[in-house]
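Take a look at the structure set out below.
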Amino acid sequence: MASSFLLHADKGCDKDTWPDTLQGTRQLYDNWAKTYDPELKQHGYNGPTATVKALVKWVPDKTARFMDIACGTGLIGEELLKAGYSSIDGLDMSTESIKICKEKNIYGRLVCSEVTTNRLDIDNGKKMGR
C-alpha cells in the first residue's frame, strides 16, 4: 500500500487510489496501521525526521506543548521524544493507529477523532505529555 500511496502523493490521489468518504479514509488507515511504519521505512520515507529537524530550530524550548494532529502511528511523536520534547498529545481518526500509539507510549493523551468543524472535548487545563 505504501508504494502506491508514496508514488502518487506528490501528484495527488485520484478516485481509484483514495477513498471519497470520511468512513472510507478511516477504514484505509485502520487497515494500513499494522504495516504502516515498516512500509514507509522500506520506501525511505523521512517526513517525520525532517519535520522535527526543522521544528527544533523554531521551537527550542523542550518544555513546549504539542498536539500532533493526524498522529497516525506516532512517527512524529517518536521523533519529538528523540529530540527531547515530552509534552506531546495526539489526535487521529484511526482506532487501529491509536492502538499502536498507546503501545509505543509516546503521547500523554490520545484522542480518536477526525478533524472537522466540531469542537473537540479536550480539557485544556489537563496535564499534557507522558
Below 4.5 Å, heavy atoms only, C-beta onward: do [X] and [Y] meet side chain to side chain?
| X | Y | result |
| --- | --- | --- |
| Y85 | V59 | yes |
| L80 | K62 | no |
| C71 | C101 | yes |
| Y36 | L75 | yes |
| F66 | I76 | no |
| L110 | L91 | no |

Minimum heavy-atom distance [X]-[Y], with the two atoms named:
| X | Y | answer |
| --- | --- | --- |
| E39 | H43 | O-CD2, 2.9 Å |
| A33 | I100 | O-CD1, 3.2 Å |
| I88 | G77 | CD1-O, 4.0 Å |
| G72 | D92 | N-OD1, 2.7 Å |

Pairwise distance [atom1]([X]) to [atom2]([Y]) - rounded to 0.5 angstrom:
| X | Y | atom1 | atom2 | result |
| --- | --- | --- | --- | --- |
| N46 | K53 | CG | NZ | 9.5 Å |
| E103 | I106 | CD | CD1 | 10.5 Å |
| K102 | C112 | NZ | SG | 8.0 Å |
| Q42 | T35 | CD | OG1 | 10.0 Å |

For the residue pair Y29 and W32, categorise the inter-ring angle as parallel (less than 30°), tilted (30 to 60°) or perpendicular (more than 60°).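 Parallel, since the angle between the ring planes stays under 30°.
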Apply salt bridge (Lys or Arg N to Asp or Glu O under 4.0 Å) to residues E114 and R26 and explain how you reach the verdict. CA-CA 9 Å; E114 63 276 351; R26 180 180 295 114; 2.6 Å; yes
Under 3.5 Å donor-acceptor, D89 side chain and M67 backbone: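 A pair under 3.5 Å: no.
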Check whether V111 and M93 end up in the same hydrophobic cluster, where Ile, Leu, Val, Met, Phe, Trp and Tyr are linked by side-chain heavy atoms less than 4.5 Å apart.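 No, no single cluster joins them.
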Decide whether Y107 and L81 are clustered together by the hydrophobic rule: side chain heavy atoms of Ile, Leu, Val, Met, Phe, Trp, Tyr closer than 4.5 Å, transitively.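 Y107 clusters together with L81.
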Taking only Lys NZ, Arg NE, NH1 and NH2, and the carboxylate oxygens of Asp or Glu, determine whether E78 and K104 approach each other closer than 4.0 Å.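 Looking at E78 and K104, the cut-off is met.
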For atom NZ of K41, is the number of surrounding heavy atoms from other residues, nucleotides or ligands below 6.0 Å larger than 12?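 Check fails, neighbour count at 12 or below.
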